[in-house]
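In this chain, numbering begins with 1 at the start of the sequence shown.
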Amino acid sequence: MSQTEKIIIITAIMECCMCPTTFTGRTADGCTIYARYRWGILSVRIDWRDPAPHGGAGGAWILEKQLDPKGLAGAMYFDELKQHTSEIIEWPDELTPRSFDSDKTGETQDDLLF
């Protein structure tokens with residue numbers, strides 16, 4: 001990935017809306033992405049089991065951003081996630097509906113979790 005090339009996310013699910021807010025999703029090249037907002041820090045990584053350039057290396061964080069200087073915040077809306085990661089990630093316009101069947105993506109809910 002070049003520095004100008006964004007990671008394209010094709011599906012995104014809000015796994016938890018409370019503290020910590022967590023999102024999972026699938027990239028255009030089939031990797032699993034994980035984002036969480038906890039203690040005022042937004043962290044995003046690609047599943048360590050996925051290939052380079054994003055995965056591997058123990059699932060190194062591709063973004064870690066302190067948003068709340070007091071370190072108390074942990075809830076975030078999807079639009080806020082998109083705003084804070086827009087320089088490196090292109091998210092879908094809306095969250096993928098939570099579903100335990102493969103009606104839209106061919107994936108089950110368990111396929112998006114790691």
Side-chain angles (χ1 to χ4, degrees):
M1 179 178 100
S2 72
Q3 290 184 348
T4 59
E5 193 177 333
K6 290 186 179 184
I7 298 168
I8 307 296
I9 309 300
I10 56 172
T11 61
I13 294 174
M14 179 183 271
E15 298 295 342
C16 181
C17 63
M18 302 303 285
C19 182
T21 300
T22 56
F23 298 88
T24 58
R26 186 73 70 196
T27 66
D29 56 356
C31 295
T32 304
I33 193 164
Y34 172 76
R36 78 168 181 223
Y37 185 51
R38 181 178 190 173
W39 302 116
I41 300 171
L42 174 61
S43 304
V44 181
R45 75 174 180 181
I46 301 293
D47 188 345
W48 64 270
R49 296 168 290 196
D50 290 325
H54 309 301
W61 297 107
I62 58 171
L63 176 112
E64 196 163 43
K65 190 187 255 188
Q66 179 82 41
L67 301 177
D68 176 21
K70 293 182 180 179
L72 301 175
M76 175 176 284
Y77 292 106
F78 185 52
D79 286 340
E80 292 174 293
L81 173 69
K82 292 192 301 185
Q83 175 189 354
H84 290 296
T85 60
S86 64
E87 291 182 20
I88 62 167
I89 300 171
E90 185 176 317
W91 295 91
D93 291 335
E94 296 181 8
L95 288 167
T96 303
R98 287 186 63 99
S99 173
F100 291 95
D101 59 25
S102 57
D103 58 342
K104 290 191 177 189
T105 63
E107 299 168 326
T108 65
Q109 183 69 18
D110 291 336
D111 290 333
L112 293 175
L113 302 176
F114 58 93

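In this structure, the separation between CD1 on Ile13 and OG1 on Thr22 is 11.0 Å, given to the nearest 0.5 Å. A distance of 5.5 Å separates CD1 of Ile7 from CD1 of Ile33, quoted to the nearest 0.5 Å. Rounding to the nearest 0.5 Å gives a distance of 4.5 Å between CD1 of Ile62 and CD1 of Ile88.
At a threshold of 4.5 Å between side-chain heavy atoms, the hydrophobic network of Ile, Leu, Val, Met, Phe, Trp and Tyr places Ile10 and Met14 in two separate groups. No path of Ile, Leu, Val, Met, Phe, Trp and Tyr side chains, each step under 4.5 Å between heavy atoms, connects Ile89 with Tyr77, placing them in separate hydrophobic clusters.
Considering every non-hydrogen atom in both Pro92 and Ile9, the closest pair reads CD-O, 3.3 Å. The two atoms that bring Pro20 and Arg38 nearest to each other are CB-CB, 3.6 Å, heavy atoms only. Nearest heavy atoms, Tyr37 versus Ala73: OH-CB, 3.3 Å.
Sorted by first then second residue, the salt bridge (charged side-chain N to carboxylate O under 4.0 Å, His left out) pairs that include residues 63-72, not counting sequence neighbours, number zero.
Under the side-chain contact (heavy atoms from CB on, under 4.5 Å) criterion, Leu81 pairs with Phe23, Ala35, Leu42, Met76, Phe78, Thr85, Trp91, not counting sequence neighbours. The side-chain contact (heavy atoms from CB on, under 4.5 Å) search around Gln83 returns none, not counting sequence neighbours. Under the rule for a salt bridge (charged side-chain N to carboxylate O under 4.0 Å, His left out), the partners of Asp79 that lie at least two apart in sequence or sit in another chain are Lys82. For Cys19, there are no side-chain contact (heavy atoms from CB on, under 4.5 Å) partners, not counting sequence neighbours.
Side chain of Thr96 to backbone of Ala12: a donor-acceptor contact under 3.5 angstrom is found. Without hydrogens or angle criteria, Thr21 side chain to Gly74 main chain gives a donor-acceptor distance under 3.5 Å.
With a 6.0 Å radius and a threshold of 12 heavy atoms from other residues, nucleotides or ligands, Glu94 has its CD atom at or below the threshold.
Under the 3.5 Å distance criterion, with hydrogens and angles disregarded, a donor-acceptor pair is assigned to the side chains of Thr32 and Arg26.
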